[in-house]
Amino acid sequence: MVLAVDDEPNGLDELVHCLRNSPHVAKVFPAIDASEALRLLSTDDPRLRERKDRGLPIVDAVFADIDMPGLSGMEMSRVFAALRPSPALVFVTGHAEEAVNAFDLGALDYVLKPYQQDRLDRAITRVIDKLAAAAAPPPGALGGEPVKNDDEVIPVELAGTTKLIPRSSVRWVEAQGDYARLFTTEGSHLVRIPLAQLEERWEKAGFVRIHRSFLVALPLITELRMGQGGYQVVIGNEEKVLPVSRRHTRALKDRLVGSGRNG
């Protein structure tokens, strides 16, 4: 069961139509604005009441526009995100600039208008994967080792579509003013996030600041060497060489030594 929210009648009709076209969606609850959507929280609909009684989210997913009169889609989604258990959040909007805020809120996907059925189907697949993961036995319950998956994703706008870049695929990051360029094995992607913010968010994930302009995945550093202008690091097997500033040299050495001790 999913909730579709859009204050534009044509937009809502299209969203409901595409959702109902999916064989994975059993029921769609349409809402013309955030207020109507939030009324589901106090509804007497027996199907939703049964879900509450079973400890399930009131709906499996909320597909919502952002720019709506009164309560915005982002504000409405914060209410749903605060529920325990909470539904999956998918934004369907024409405003690309809100992608970072959406993923900070925990959104599974960010679909830009105009979209095709296959694009919405991919969003539905993400919801299905999330539901399957939630229904799986707890890590270690079958005798295996606990598995922790907290790989952050970064939304990147490419030709009118939003691509999700896993943090684990990022090899290093270069500052470009108020932006940052993520370098992965497949290429590079410019995102509107300051390098200092990524440094703070990714420190515990093994990223280390080596220069005012560079943030590097520590496990990918294969060599620390002295160059003409000071220390340098080599990244992976691709022989990518990046400078290390004097300010960050000591901290980098300490991190590399600590990483070696931890195996």
Side-chain angles (χ1 to χ4, degrees), residues 1-34 36-38 40 51 56-68 72-83 85-136 149-169 186 189 191:
M1 291 185 181
V2 301
L3 171 64
V5 191
D6 196 322
D7 66 302
E8 297 180 357
N10 291 339
L12 181 59
D13 289 344
E14 180 180 5
L15 180 57
V16 170
H17 174 74
C18 288
L19 289 170
R20 286 175 175 166
N21 273 347
S22 171
H24 304 291
V25 177
K27 174 67 178 176
V28 181
F29 293 90
I32 198 64
D33 58 26
E36 183 176 351
L38 292 176
L40 278 179
R51 292 178 64 89
L56 298 174
I58 188 168
V59 290
D60 293 308
V62 177
F63 289 75
D65 192 8
I66 287 181
D67 188 16
M68 295 187 292
S72 72
M74 196 71 71
E75 292 167 331
M76 176 202 71
S77 295
R78 287 191 178 94
V79 176
F80 282 106
L83 298 176
S86 61
L89 299 176
V90 176
F91 289 98
V92 184
T93 178
H95 298 273
E97 67 275 7
E98 291 286 353
V100 172
N101 293 331
F103 286 104
D104 282 345
L105 188 59
L108 282 185
D109 208 342
Y110 196 90
V111 181
L112 287 178
K113 299 178 181 179
Y115 55 87
Q116 302 296 324
Q117 179 72 50
D118 62 340
R119 179 64 184 89
L120 202 65
D121 286 343
R122 293 202 301 273
I124 294 171
T125 298
R126 291 182 184 277
V127 174
I128 294 171
D129 291 344
K130 180 178 185 294
L131 294 175
N149 182 13
D150 59 354
D151 194 11
E152 182 181 345
V153 294
I154 303 297
V156 176
E157 299 304 320
L158 295 172
T161 63
T162 301
K163 183 177 182 180
L164 303 182
I165 305 299
R167 181 185 60 209
S168 58
S169 71
E186 299 178 351
H189 309 277
V191 295

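Model, not experiment: these values are computed from the prediction.
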TODO: Give the minimum heavy-atom separation between P85 and P57, together with the two atoms involved.
DONE: CG-N, 3.5 Å

Task: Closest non-hydrogen atom pair between A64 and M76, with its separation - done: CB-CE, 3.5 Å

- [ ] Start with the C-alpha distance between F80 and L38, add both sets of side-chain angles, then the distance that settles side-chain contact (heavy atoms from CB on, under 4.5 Å), and finish with yes or no.
- [x] CA-CA 8 Å; F80 282 106; L38 292 176; 3.6 Å; yes

TODO: Hey, could you give me the CG/OH distance between L89 and Y110, rounded to the nearest 0.5 Å?
DONE: 13.0 Å

Open item on the list: Return the CD1 to CG distance between I66 and D7, rounded to the nearest 0.5 Å.
Closed with: 12.0 Å

- [ ] In sequence, state the C-alpha distance, the side-chain angles, and the governing distance for D67 and E8, and then conclude on side-chain contact (heavy atoms from CB on, under 4.5 Å).
- [x] CA-CA 10 Å; D67 188 16; E8 297 180 357; over 6 Å; no

- [ ] Answer whether the closest heavy-atom distance between the side chains of I124 and V25 falls below 4.5 Å.
- [x] yes

Open item on the list: Please report the interatomic distance CG(D33) to CG(L12), rounded to the nearest 0.5 Å.
Closed with: 10.0 Å

Task: Under 3.5 Å donor-acceptor, R51 side chain and L56 backbone - done: no

- [ ] Determine the minimum heavy-atom distance between F63 and V2, stating which atoms define it.
- [x] CE1-CG1, 4.0 Å

- [ ] Look at the side chain of T125 and the backbone N and O of D121, then say whether any donor-acceptor pair between them is shorter than 3.5 Å.
- [x] yes

- [ ] Check whether any side-chain N or O of E14 sits under 3.5 Å from a backbone N or O of G11 as a donor-acceptor pair, and report yes or no.
- [x] no

Task: S22 side chain vs L19 backbone, donor-acceptor pair below 3.5 Å - done: no

Open item on the list: I need the M74 CE to D104 CG distance, nearest 0.5 Å.
Closed with: 9.0 Å

TODO: Give the minimum heavy-atom separation between A34 and V5, together with the two atoms involved.
DONE: N-CG1, 4.2 Å

Open item on the list: More than 12 heavy atoms of other residues, nucleotides or ligands under 6.0 Å from CD of Q116: yes or no?
Closed with: no

Open item on the list: Can you tell me how far apart OG (S72) and NE2 (H95) are? Round to the nearest 0.5 Å.
Closed with: 10.5 Å

- [ ] Look only at the side chain of Q117 and the backbone of C18, and say whether a donor-acceptor pair between them is shorter than 3.5 Å.
- [x] yes

Open item on the list: So which atom in V127 and which in L108 form the shortest heavy-atom distance, rounded to 0.1 Å?
Closed with: CA-CD1, 3.8 Å

TODO: May I ask you to decide whether D60 forms a salt bridge with K130, counting only side-chain N to carboxylate O separations under 4.0 Å?
DONE: no

Task: CA sep, side-chain torsions, deciding dist, call: E98, F91, side-chain contact (heavy atoms from CB on, under 4.5 Å) - done: CA-CA 10 Å; E98 291 286 353; F91 289 98; over 6 Å; no

Open item on the list: Between V92 and D65, does the side-chain contact (heavy atoms from CB on, under 4.5 Å) criterion hold? Intermediate values first, please.
Closed with: CA-CA 5 Å; V92 184; D65 192 8; 6.0 Å; no

- [ ] Measure the shortest side-chain to side-chain distance between Y115 and L15 over non-hydrogen atoms and say whether it is less than 4.5 angstrom.
- [x] yes

- [ ] Please assess N21 against H17 for the test side-chain hydrogen bond (donor to acceptor under 3.5 Å, both in side chains), listing each intermediate value before the final yes or no.
- [x] CA-CA 6 Å; N21 273 347; H17 174 74; 3.2 Å; yes

- [ ] Please report the closest heavy-atom contact between P87 and L83, naming both atoms and the distance.
- [x] CD-CD1, 4.5 Å

Task: S77 side-chain N/O to G73 backbone N/O, donor-acceptor pair under 3.5 Å - done: yes

